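One structure is given below, encoded as structure tokens.
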Amino acid sequence: MGVIGAPAGLLEDWAADGSGKNKSVGVLLVHGYTGSPASMRPWAEYLNQRGFTVRVPLLPGHGTKPEDLNEVKWEQWPAKVEAELAELFKTCSRVFICGLSMGGGTTLNVATRYSDRISGIILVNPMIHVAMVSPQLAFVLSRFQKMRKSVGDDIKRPGISEWGYDALPTRGIHQLLIMLKYTRERLHDVTVPMQLFHSVDDHTLPVSNTEIIMKGVGSRIKQRIELTNSYHVATLDYDAEIIFENSKIFIETHAAD
């Protein structure tokens, strides 16, 4: 099991300096659970080509083998994002965080502490809970079954992969649910402008995730955009350009605030 046949460079940290008037605007893009930076690279490259400074980290436990994701503590994910933020703050006066799925939950977690420093967040099919599965229940289940069937590559476009794991590590899910519960209880501390993209036809997460986030965040500015021709990994799907173009407008607008 693992990530077999992934193109070189897609399973590691990636960063690119910006240019021109947008060089001092940084964008950090965070992938989902069992996924990889491959799911965020096209978006990051689109923004970098328009002058923005970008960073796409590989989250701890990813990009190697599924068993490694069963050894991670949830605090390591936001810690990695915060370390990447620190790098962007060295050269950028404005910084935005974009998150897909669990990356959206991680983005929200970081935003509960950094809303006074970052300029906005952009979420794509973000995750904030698993209905009727508590961290306690996930812990019990993880003791009986360390791996479950993969939920990756929920993409409508044929022949496209996010180059994630081919199994679902259950002990990592337990850690993920702890992070999401902690974050959900603090959504009111997220006060930065937020743009959220939601796929109408998402086979991985129910719409309740989007609804909880839209209602719970303390942001005065929050925008929801529906995607009608994509599944869960919308950043690689038919609606990717809608995400890319609208996020660019959002970033430019709030970088100028």
Side-chain angles (χ1 to χ4, degrees), residues 27-37 39-40 43-44 56-57 59 62 74 77-78 80-82 84-85 96-115 118-131 133 151-152 154-155 162 164 172-173 175-219 221-228 230-237 239-240 242-244 246-247 250-251:
V27 187
L28 176 56
L29 300 99
V30 188
H31 67 77
Y33 188 76
T34 73
S36 77
S39 62
M40 309 302 271
W43 190 3
V56 187
L59 295 179
H62 294 78
W74 74 264
W77 299 320
K80 174 71 171 183
V81 172
E82 290 177 33
E84 295 289 317
L85 272 182
F96 295 80
I97 312 177
C98 306
L100 167 68
S101 192
M102 168 261 210
T106 308
T107 295
L108 288 164
N109 180 279
V110 172
T112 65
R113 296 181 297 282
Y114 281 79
S115 280
I118 60 177
S119 297
I121 58 174
I122 302 167
L123 310 176
V124 180
N125 294 321
M127 184 180 192
I128 200 63
H129 81 139
V130 175
V133 181
V151 296
D154 184 22
I155 302 170
E162 62 177 326
I173 286 288
Q175 291 295 314
L176 172 56
L177 292 181
I178 295 174
M179 181 183 76
L180 295 179
K181 182 176 185 292
Y182 176 95
T183 305
R184 182 176 177 179
E185 292 168 353
R186 292 161 177 79
L187 283 178
H188 57 273
D189 290 328
V190 179
T191 57
V192 292
M194 179 181 77
Q195 183 179 63
L196 188 153
F197 295 91
H198 169 251
S199 294
V200 175
D201 201 3
D202 184 334
H203 305 113
T204 304
L205 295 180
V207 68
S208 56
N209 285 271
T210 285
E211 292 167 344
I212 289 166
I213 292 166
M214 288 297 296
K215 183 178 179 180
V217 295
S219 306
I221 298 171
K222 43 188 173 182
Q223 173 191 29
R224 172 175 169 174
I225 297 174
E226 298 287 308
L227 304 174
T228 59
S230 292
Y231 296 158
H232 183 63
V233 189
T235 53
L236 298 178
D237 220 326
D239 292 320
I242 294 174
I243 297 171
F244 298 175
N246 280 278
S247 67
F250 176 87
I251 291 167

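Quick caveat, the model's predicted, so the values are computed rather than measured.
- Minimum heavy-atom separation, Asn125 to His232: ND2-O, 2.8 Å.
- Atom CD of Gln195 is separated from atom SG of Cys98 by 8.5 Å, given to the nearest 0.5 angstrom.
- Between Phe250 and Phe96, the angle of the ring planes goes over 60°, which puts this pair in the perpendicular group of the 30/60° scheme.
- Under a 3.5 Å cut-off, the side chain of Ser101 and the backbone N or O of Tyr33 do not form any donor-acceptor pair.
- Shown here for Val27 and Leu29, the closest heavy-atom pair between the two residues is O-CD1, 3.7 Å.
- Ser39 places no side-chain N or O within donor-acceptor distance of the main-chain N or O of His31, the cut-off being under 3.5 Å.
- A distance-only check finds no donor-acceptor pair linking the side chain of Asp154 to the backbone of Val233 [under 3.5 Å].
- When every heavy atom of Met194 is checked against every heavy atom of Ser219, the shortest pair comes out as CB-OG, 4.3 Å.
- Side-chain atoms of Ser36 come within 3.5 Å of backbone atoms of Glu162 as a donor-acceptor pair (strictly under, hydrogens ignored).
- Side-chain atoms of Arg113 and Glu82, non-hydrogen and from C-beta on, do get closer than 4.5 Å to each other.
- Side-chain contact between Leu108 and Leu180 is absent, with no heavy-atom pair separated by less than 4.5 Å.
- Going from atom OG1 of Thr106 over to atom CE of Met127 covers 10.0 Å, rounded to the nearest 0.5 Å.
- In this structure a side-chain-to-backbone donor-acceptor pair under 3.5 Å is missing from Glu84 to Pro57.
- The closest donor-acceptor contact from the side chain of Ser115 to the backbone of Thr112 lies at 3.5 Å or more, if one exists at all.
- Asp239 is not listed as a side-chain neighbour of Ser199, based on a closest heavy-atom distance of 4.5 Å or more.
- Here the CD1-OG distance, from Ile242 to Ser247, works out to 11.5 Å after rounding to the nearest 0.5 Å.
- Remark: Thr34 OG1 to Ile173 CD1 distance equals 8.0 Å, nearest 0.5 Å.
- Distance alone, capped at 3.5 Å, places no donor-acceptor pair between the Asp201 side chain and the Thr228 backbone.
- Between the side chain of Lys80 and the backbone N or O of Leu59, no donor-acceptor pair lies under 3.5 Å.
- With a 4.5 Å cut-off on side-chain heavy atoms, Lys222 and Leu196 do not count as touching.
- Between Thr235 and Trp43 the shortest heavy-atom distance is CG2-CE3, 3.7 Å.
- Proximity of Trp74 to Lys181: side-chain heavy atoms (C-beta onward) are nowhere separated by under 4.5 Å.
- When all heavy atoms of Gly105 and Met179 are compared, the closest pair comes out as C-CE, 4.1 Å.
- Remark: Leu28 CG to Met40 CE distance equals 9.0 Å, nearest 0.5 Å.
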Given side-chain hydrogen bond (donor to acceptor under 3.5 Å, both in side chains), test Asn109 with Thr183 step by step and report yes or no.
-> CA-CA 5 Å; Asn109 180 279; Thr183 305; 3.0 Å; yes

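- Looking at Thr210 and Pro126, their side chains come closer than 4.5 Å, going by heavy atoms from C-beta outward.
- Considering every non-hydrogen atom in both Asp237 and Ser230, the closest pair reads CB-OG, 3.2 Å.
- At a threshold of 4.5 Å between non-hydrogen side-chain atoms, the residues Leu227 and Asp202 do not count as touching.
- A search for ring pair (Phe, Tyr, Trp, His ring centres under 6.0 Å) contacts involving Tyr114 returns nothing, not counting sequence neighbours.
- To the nearest 0.5 Å, atom NE2 of residue His129 and atom CD1 of residue Ile212 are 3.5 Å apart.
- Tyr231 has its side chain out of reach of Ile155: every pair of non-hydrogen atoms, C-beta onward, lies at least 4.5 Å apart.
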